[in-house]
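The block underneath contains the structure these notes are about, expressed in C-alpha cells.
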There are 2 protein chains.
Amino acid sequence: MARVRMRDVAEHAGVSVRTVSNVVSGYPHVSPATRERVQRSLDELGYRMDYLARGLRSGRTGFVALAVPFLAEPYFAELAQAVISAAARRGITVLVESTAGDPEVERRILSGGLTNVADGVLLSALTVPADDDAARAADFPLVMLGEHSVGDRFPRVGIDNVAAARTAVGHLVEQGCRRIVALGRNGSENGRQRTEGYRQALSAAQIRRVNWLVVPVEDWTREHGRAAVRELLDGSGPLPDGIFAFNDALAVGALAALDESGVRVPDDVAVVGIDDIQESAYTHPPLTSIAPDLDVIAERALSLLAEQEGAAGVAPREEATPYRLVVRASSLRARPGSPT
Amino acid sequence: MARVRMRDVAEHAGVSVRTVSNVVSGYPHVSPATRERVQRSLDELGYRMDYLARGLRSGRTGFVALAVPFLAEPYFAELAQAVISAAARRGITVLVESTAGDPEVERRILSGGLTNVADGVLLSALTVPADDDAARAADFPLVMLGEHSVGDRFPRVGIDNVAAARTAVGHLVEQGCRRIVALGRNGSENGRQRTEGYRQALSAAQIRRVNWLVVPVEDWTREHGRAAVRELLDGSGPLPDGIFAFNDALAVGALAALDESGVRVPDDVAVVGIDDIQESAYTHPPLTSIAPDLDVIAERALSLLAEQEGAAGVAPREEATPYRLVVRASSLRARPGSPT
DNA sequence: GCCCGCCCTTGCATCGTTGCAAAGGATCAC
DNA sequence: GTGATCCTTTGCAACGATGCAAGGGCGGGC
C-alpha cells in the first residue's frame with residue numbers, strides 16, 4: 001500500500017492540492033463545506049503528513065535536537081524526559097544525541113551537525129571551552145543546558161551552580177559539620193562553579209582553611225564517588241564530618257563506600273548532593289540534595305529556542321532556574337541548631 | 001551566512017552537481033583528480049548534507065525511532081543509551097519518543113505516526129494488545145523490544161522472561177528461601193510471563209502452594225515497590241523469607257521498605273530483581289539481579305530492522321537474548337548449599 | 001587505422017509539500 | 001446598477017538531493 005499524498009486526497013475530494021494543504025495546516029479562509037469534504041477524504045484515505053517534504057520546503061522541521069553526555073546517567077535521563085514532555089506539549093519531536101562527553105562530538109554539534117534536521121539544538125556540554133571556534137561560528141538556534149555557556153553568543157538555562165553549592169554546604173554547616181570535603185572537582189566549568197560555592201560557604205562560616213578539602217574525581221559517577229571515598233577513608237588524614245558531592249551519583253557512590261566501612265551516616269559523616277535524582281529518595285540513608293526544577297528548565301529552554309528562531313538578534317542571557325534544598329536523613333542530625 | 005548546497009560546491013569546483021553527489025556518496029567511478037578537487041571545495045565551503053532533501057528523494061532518512069514508556073526509568077534510559085550507541089556505530093540517528101505507557105500513544109506509533117521520518121521503529125510497549133487493529137495494519141519496519149510481541153507480524157528482541165524469572169526464583173530457593181513473594185503482577189504480558197516463571201520455579205522446588213504469593217502493583221517503580229512491601233510488613237500474614245521483584249526499581253523500593261522496618265537483608269529476607277540497572281550495585285545491600293545484555297539487544301534489534309527494510313517478507317521471529325544472574329549481597333546467605 | 005567498449009561526467013525529472021500571488025466569485029455599500 | 005472589497009480557491013515554482021540514462025572522451029584490440 002503506497003503512501004497517501006496530498007495529491008491523492010485532492011483528487012478524491014475534487015479540490016486542488018493547495019486547498020488540501022490549507023485545510024491540513026489550518027488556514028482560516030476555507031469554506032466550511034470544503035473543509036468538511038477535504039477532512040472526510042483525509043480521514044478516509046488515512047492521510048499522514050510527510051514531515052520531510054514539509055521540512056524541506058518550509059525550512060522548519062518540528063524537531064529539536066537534545067545532546068547530553070550520557071543518557072544512562074539518571075540526571076540526564078530525567079532531564080531528557082522533561083525535555084521530551086515539554087516538547088510534546090508544543091508538538092515538537094526530540095532527537096536525542098549522546099555525546100559520551102567527547103569534545104569532538106560536542107564540537108561537531110556546535111558546528112552545525114544537526115542543523116538542517118532540527119530547528120534548534122539543546123546542548124548539555126561537559127567540555128567545550130567557551131571560546132571554541134566552532135562555538136563562535138554556530139549560527140543556528142542553540143541553548144545551553146546546565147553549566148557551560150559558550151562564549152556570550154547563546155543563552156544558558158540552569159541553576160546557579162555557585163549558589164546551589166553554597167546552599168548545600170551551608171546546610172551541612174548548619175547541621176554542625178566543621179570539616180567538610182568537597183567531592184568532584186574536575187576540569188569542567190561546572191566543577192569550578194561548585195567548588196567556588198563550596199569555598200564561599202566555608203568562608204562565610206569562618207571554617208579554618210586547614211579543614212578545607214577538595215577531592216578530585218574523573219567522572220561524576222557512582223563508581224568514582226565510591227572509589228574516592230574509599231581512598232579517603234583508607235588515608236591517614238583526619239576523617240571529615242561532612243561530604244558535599246558535586247552530584248547525586250557521586251553521593252550515591254560515597255554512601256556505598258561509607259556503608260561498607262561501617263561509617264554511620266549522618267552521625268559520623270553527613271552527606272549532601274546535587275540533582276535530586278529519583279534514586280536519592282531510596283538510598284541508605286535517603287540522600288539530602290539540591291533539586292533543580294527540570295520542568296522549568298525544559299520549558300525555558302524551548303521558549304528560548306523559539307525566540308531565537310523568531311528574531312535574528314536575541315540578546316543571549318543566562319536564565320537561572322529555581323531549585324530547592326530537599327533535606328533527607330543523610331544530613332539530618334539529632335542536634336538541631338534551630339527548628340525548621 | 002546561507003546554507004552551502006551541492007550547487008555551490010559544484011560551481012566552486014567547476015563540476016556538475018551530480019558529480020559532487022557522486023563524491024559525497026562514495027560512487028566509485030570518479031577520477032582521483034576530480035574527487036580531490038571536489039573534496040577540497042567541500043572542505044573549504046564547509047558543505048553539510050541536507051538530510052531532509054536526501055530523505056525526501058531517496059526514501060531513506062537514516063533515522064530510527066525508539067519509543068519507550070518512560071525515559072526517566074533507569075532501565076529504559078540504559079536501553080536507550082545502548083540503542084543510541086549501537087545506532088551511532090551504523091551512522092544512524094535515533095529519535096526518542098516517550099509514550100508514558102499511554103495505549104493511545106502506542107497505538108498511534110503502531111499506526112505509522114513516525115513512519116516517513118524514520119526508516120524503522122523500535123517499540124518497547126507496555127500495553128498494546130497483541131491483536132490490536134493498528135498492529136495488524138502496520139506496514140513498516142518494526143521491532144518490538146522487551147516483552148510484548150504484536151501478533152506474529154513483527155520480530156521481538158529481549159530476554160526470555162519466563163526463563164529469567166525461573167532463574168531468579170531458583171536462585172532464592174538455592175539460598176534456602178521457602179516462602180518467596182513475587183512482587184509486581186500487573187496486566188502486562190511481561191508480568192504474566194514473569195509470574196509464570198515464578199510458578200515454574202516454585203513447582204520445580206516443590207514449594208507448598210500455601211507459600212506462594214503474588215503481590216500486584218500498579219507500576220514497576222521504586223515507589224510502588226516500597227508501598228507494596230510496607231503493606232506486606234504491616235499485614236498479618238507470615239513474613240516471607242524471599243522477595244522476587246519483577247524489576248529492579250521495585251526491588252529498590254522493597255529494600256527501602258525493609259530497611260525502614262529494620263528487617264535484615266538477606267538474613268531475614270533475601271531479595272532479587274530483574275534488569276540489573278546500574279543503581280543496583282549501590283543499594284543497601286547491593287542487589288542481586290538478572291542482567292540482560294542491552295548491547296546485544298540493541299544490536300539485534302537494529303539488524304532486524306535492516307533486514308525488514310531489505311526483503312519484503314522477512315519471517316518474524318523472537319530473538320531470545322542472553323542474560324546473566326548477577327549475585328550480590330541482597331541474596332547471599334551465610335549457609336551456602338554448594339560452592340559457586 | 002578504425003571501431004568498440006569502458007570510464008567519467010552530466011542534465012533532467014522527481015520526491016511531497018508550502019510560499020507566492022493572482023484569478024474568480026460573492027457580498028456589500030452607495 | 002456598479003464598483004470595490006473580501007473571501008476562496010487555484011497554479012506554478014521551488015526547497016536540495018538522488019535515480020536514471022545518456023553523452024563524450026580515451027584507450028585498447030585487431
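By convention in this document, chain letters (A, B, ...) are assigned in the order of the sequence lines, proteins followed by strands, and residues within each chain are numbered from 1.
Among the protein residues, B/Tyr47 comes within range of the sugar-phosphate backbone only, with heavy atoms under 4.0 Å from sugar or phosphate atoms but none that close to a base. Residue B/Arg18 is in base contact, counting any heavy-atom pair closer than 4.0 Å across all strands shown. Residue A/Ser25 is classed as having no contact, given no heavy-atom separation below 4.0 Å to the nucleic acid. Among the atoms of the strands shown, base atoms are found under 4.0 Å from some heavy atom of A/Thr19. Here B/Val15 lies in heavy-atom contact (under 4.0 Å) with sugar-phosphate atoms only.
In terms of phosphate contacts, A/Ser16 brings a side-chain nitrogen or oxygen within less than 4.0 Å of OP1 or OP2 of D/dT10. Using a 4.0 Å cut-off, some side-chain N or O of A/Ser31 falls inside it from OP1 or OP2 of D/dT9. The phosphate of C/dT18 has OP1 or OP2 within less than 4.0 Å of a side-chain N or O from A/Ser21.
Contact annotation: the side chain of B/Thr61 never approaches that of B/Val117 to less than 4.5 Å [non-hydrogen atoms, C-beta and beyond]. Using a 4.5 Å cut-off on side-chain heavy atoms (C-beta onward), A/Met144 and A/Pro155 make no contact. By the 4.5 Å heavy-atom criterion applied to side chains, B/Asp119 and B/Glu309 are counted as neighbours. In this structure the side chain of B/Tyr47 never reaches within 4.5 angstrom of the side chain of B/Val20, judged on heavy atoms.
To the nearest angstrom, P of D/dA17 lies 8 Å from CZ of B/Arg5. Put simply, CZ on A/Arg7 is 15 Å from C1' on D/dC12, counting in whole angstrom units. Rounded to a whole Å, the CE atom of B/Met49 is 13 Å from the P atom of D/dG16. Rounded to whole Å, the distance from CZ on B/Arg60 to P on D/dA17 is 18 Å. In this structure, CZ of B/Arg35 is placed 9 Å from P of C/dC8, rounded to the nearest angstrom. With rounding to whole Å, A/Asn22 atom CG is found 14 Å from C/dC20 atom P. For the pair B/Asp119 CG and C/dC15 P, the computed distance is 19 Å after rounding to whole Å.
For B/His29, counting side-chain heavy atoms from C-beta on, the closest listed nucleotide (D/dG16, C/dC7, D/dT8) is C/dC7. The side chain of A/Asp50 sits closest to C/dG16 out of C/dG16, C/dT18, D/dT9. Picking from C/dC8, C/dT18, D/dG16 the nucleotide with the shortest atom distance to the side chain of B/Thr34 gives C/dC8. Closest approach to the A/Met6 side chain among D/dT10, C/dT17, C/dC15 is made by C/dT17 (side chain taken as heavy atoms from C-beta onward).
Under 3.5 Å, the side chain of A/Arg54 and the base of C/dT17 form no donor-acceptor pair of N or O atoms.
Taking the nucleotide of DNA chain C with the nearest heavy atom to each of B/Pro28 and A/Leu56, the more 5' of the two is matched to B/Pro28. Ranked by how close their nearest DNA chain D nucleotide is to the 5' end, B/Val20 and A/Arg57 are led by A/Arg57. Nearest-nucleotide assignment on DNA chain C puts the 5′-proximal partner with B/Val30, out of B/Val30 and B/Ala53. Sequence order on DNA chain D of the closest nucleotides to B/Tyr27 and A/Tyr27 puts A/Tyr27 first from the 5' end.
In the model, B/Ser98 has a side-chain atom that pairs as donor or acceptor with a side-chain atom of A/Gln81 under 3.5 Å.
Here the closest non-hydrogen pair linking B/Gln308 and B/Pro141 is OE1-CA, 3.3 Å.
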